[in-house]
Amino acid sequence: MESFKDKVAVVTGGGSGIGRAMALALAREGARVVLADLDEAAMDGVARQARGHGVETLAVRTDVTELAQVQALAERAWKAFGAVHVLCNNAGVAAWGGLEKATHRDWQWVLGVNLWGVIHGIEAFVPRMIAGGQRGHIVNTASMAGLIASQGLGVYNTSKYAVVGLSETLAKDLKPHGIGVSVLCPMGVETRIRESERSRPAALRNDAAAEPAVELIGRYLAPDTVAGMVLDAVRRGELYVITHDEGLEPLRRRFERMQQSILSRRKA
Ligand SMILES: NC(=O)c1ccc[n+]([C@@H]2O[C@H](COP(=O)([O-])OP(=O)(O)OC[C@H]3O[C@@H](n4cnc5c(N)ncnc54)[C@H](O)[C@@H]3O)[C@@H](O)[C@H]2O)c1
């Protein structure tokens, strides 16, 4: 996708952090922006800022864990703008703690938002994007936690590994339709992710207090920096958006360990 001017972009989790930054970067480039988030006040603030760039916006309160709500979001987007060219399945939450202590509610909540939210985006938008016959792009926000399994983040890792696998396959499946796919895999970004519990629904809250967040290695990037990398990747049609140079060594070590499994058997 060479230009975002007059395109229509949908961003879930667009009220805060990386989603907010992607929405504003797209608006700066002239895209009309549809925001979807649980936090209406935050979303309205972002919509106001986006309009400051002279583009039309739409903000739709959406819980991405509910397919019907994501379908209603798609309906509103097509009704308002007649097309969707860029879909950012970005809403996400994190829960910390060892897998031996994870509650069923942790699994339901984190997989509900991080994995089912992406699946719902694909179900609700992709068939209509294909039917529209225009070029398009899907950005799924995973994490470096979808490529490297950090201790103390198991439920989150599981959701993000799934998003990476889904995105890699989606890229192949949608290529014949002229729809590109990128999967965003950042390490630390300065957002409110550590305050994720704020959006956990009452029915999925744990009785015990939440585990403290684990410290991530590497730098914390500004959301605007990450958003710039995403737009570049969409322009260039690149699948992986691996934002941190610090990711190179852990990725190499992981690959070497896998390679070793084959090579050591050959030697035996
Ligand atoms: N910040 C990081 O260090 C980091 C690193 C790697 C990946 N990520 C991923 O980036 C994405 C964005 O997170 P962020 O860091 O900007 O955090 P954030 O908390 O600042 O923003 C997340 C947004 O998602 C919204 N949200 C939560 N549950 C939702 C639901 N059920 N339906 C709709 N919206 C919902 C929240 O209201 C919030 O506006 C997530 O997928 C996260 O896993 C973040």
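Along the sequence shown, the residues carry numbers beginning at 1. Note that these values count all heavy atoms, side chains included, but never hydrogens, waters or copies made by symmetry. In each ligand, atom 1 is the first atom listed, and ligand 1 is the first ligand listed.
- When only interatomic distances are considered, the shortest N/O to N/O separation between Ala36 and ligand 1 does not fall below 3.5 Å.
- Every atom of ligand 1 is numbered from 1 in the order shown, and the set under 4.0 Å from a heavy atom of Gly188 is 3 (O).
- The shortest heavy-atom distance from Ala42 to ligand 1 is not under 4.0 Å.
- Near Gly17, with a cut-off below 4.0 Å to any heavy atom, the atoms of ligand 1 are 16 (O), 20 (O).
- Summarising the contacts of atom 37 (O) of ligand 1 with Asp37, Val93, Leu35, the nearest heavy atom is found in Asp37.
- The shortest N or O to N or O distance between Asn114 and ligand 1 is not below 3.5 Å.
- Proximity to Thr191 (heavy-atom distance under 4.0 Å) selects the following atoms of ligand 1: 1 (N), 14 (P), 15 (O), 16 (O), 17 (O), 20 (O).
- Distances from ligand 1 to the non-hydrogen atoms of Lys160 include at least one value under 4.0 Å.
- Residues Asp106 and Arg200 form a side-chain contact, since some pair of their non-hydrogen atoms from C-beta on lies under 4.5 Å apart.
- Between His85 and the options Arg32, Gln134, Lys7, a side-chain hydrogen bond (donor to acceptor under 3.5 Å, both in side chains) holds for only Gln134.
- No heavy atom of Ser196 sits closer than 4.0 Å to any atom of ligand 1.
- For ligand 1, the polar-atom distance check finds an N/O of Val189 within less than 3.5 Å of one of the ligand's N/O atoms.
- By the 4.0 Å N-to-carboxylate-O rule, Glu249 lies close enough to Arg252 to be salt-bridged with it.
- When heavy-atom distances to ligand 1 are checked against a 4.0 Å cut-off, Ser16 comes that close through both its backbone and its side chain.
- Those atoms of ligand 1 that come under 4.0 Å of a heavy atom in Ala142, given as number and element, are 7 (C), 9 (C).
- Among the atoms of Ser143, none of the N or O lies under 3.5 angstrom from an N or O of ligand 1.
- Within ligand 1, counting atoms from 1 as listed, the ones closer than 4.0 Å to a heavy atom of Thr62 are 32 (N), 33 (C).
- Considering only non-hydrogen atoms, atom 6 (C) of ligand 1 lies nearest to Pro186 out of Gly92, Ala145, Pro186.
- On a distance-only criterion, Tyr156 and ligand 1 share at least one N/O pair closer than 3.5 Å.
- Using a 4.0 angstrom heavy-atom cutoff, Ala94 does not count as in contact with ligand 1.
- For ligand 1, the atoms sitting less than 4.0 Å from at least one non-hydrogen atom of Arg198 are 18 (P), 19 (O), 38 (C), numbered in the order shown with element in parentheses.
- By the criterion of a heavy-atom distance under 4.0 Å, neither the backbone nor the side chain of Tyr220 is placed next to ligand 1.
- In terms of the ring-ring contact (aromatic ring centres under 6.0 Å, His included) criterion, residue partners of Trp78 (sequence neighbours excluded) are, by chain and number, Phe125.
- Using a 4.0 Å heavy-atom cutoff, Met187 is listed among the residues neighbouring ligand 1.
- Those atoms of ligand 1 that come under 4.0 Å of a heavy atom in Val113, given as number and element, are 28 (N), 31 (N).
- Residues forming a ring-ring contact (aromatic ring centres under 6.0 Å, His included) with Phe4 (at least two apart in sequence, or on another chain): none.
- Checking only distances, Val64 does come within under 3.5 Å of ligand 1, N or O to N or O.
- The residues Arg128 and Glu75 are annotated as salt-bridged, a charged nitrogen and a carboxylate oxygen being separated by less than 4.0 angstrom.
- Assignment of Thr141 to the shell around ligand 1 is supported, since a heavy atom sits closer than 4.0 Å.
- Annotation: side chain of Val181 is not in contact with side chain of Val183 (no heavy-atom distance under 4.5 Å).
- When each atom of ligand 1 is checked for a heavy atom of Asp63 under 4.0 Å away, the hits are 30 (C), 31 (N), 32 (N).
- Atom 13 (O) of ligand 1 has its nearest heavy-atom neighbour, among Val110, Ile193, Leu221, Thr65, in Ile193.
- Looking from atom 40 (C) of ligand 1 to the surrounding protein, the closest heavy atom is Asn90 O, 3.3 Å.
- Note on ligand 1: Met144 sits outside its first shell, no heavy atom being nearer than 4.0 Å.
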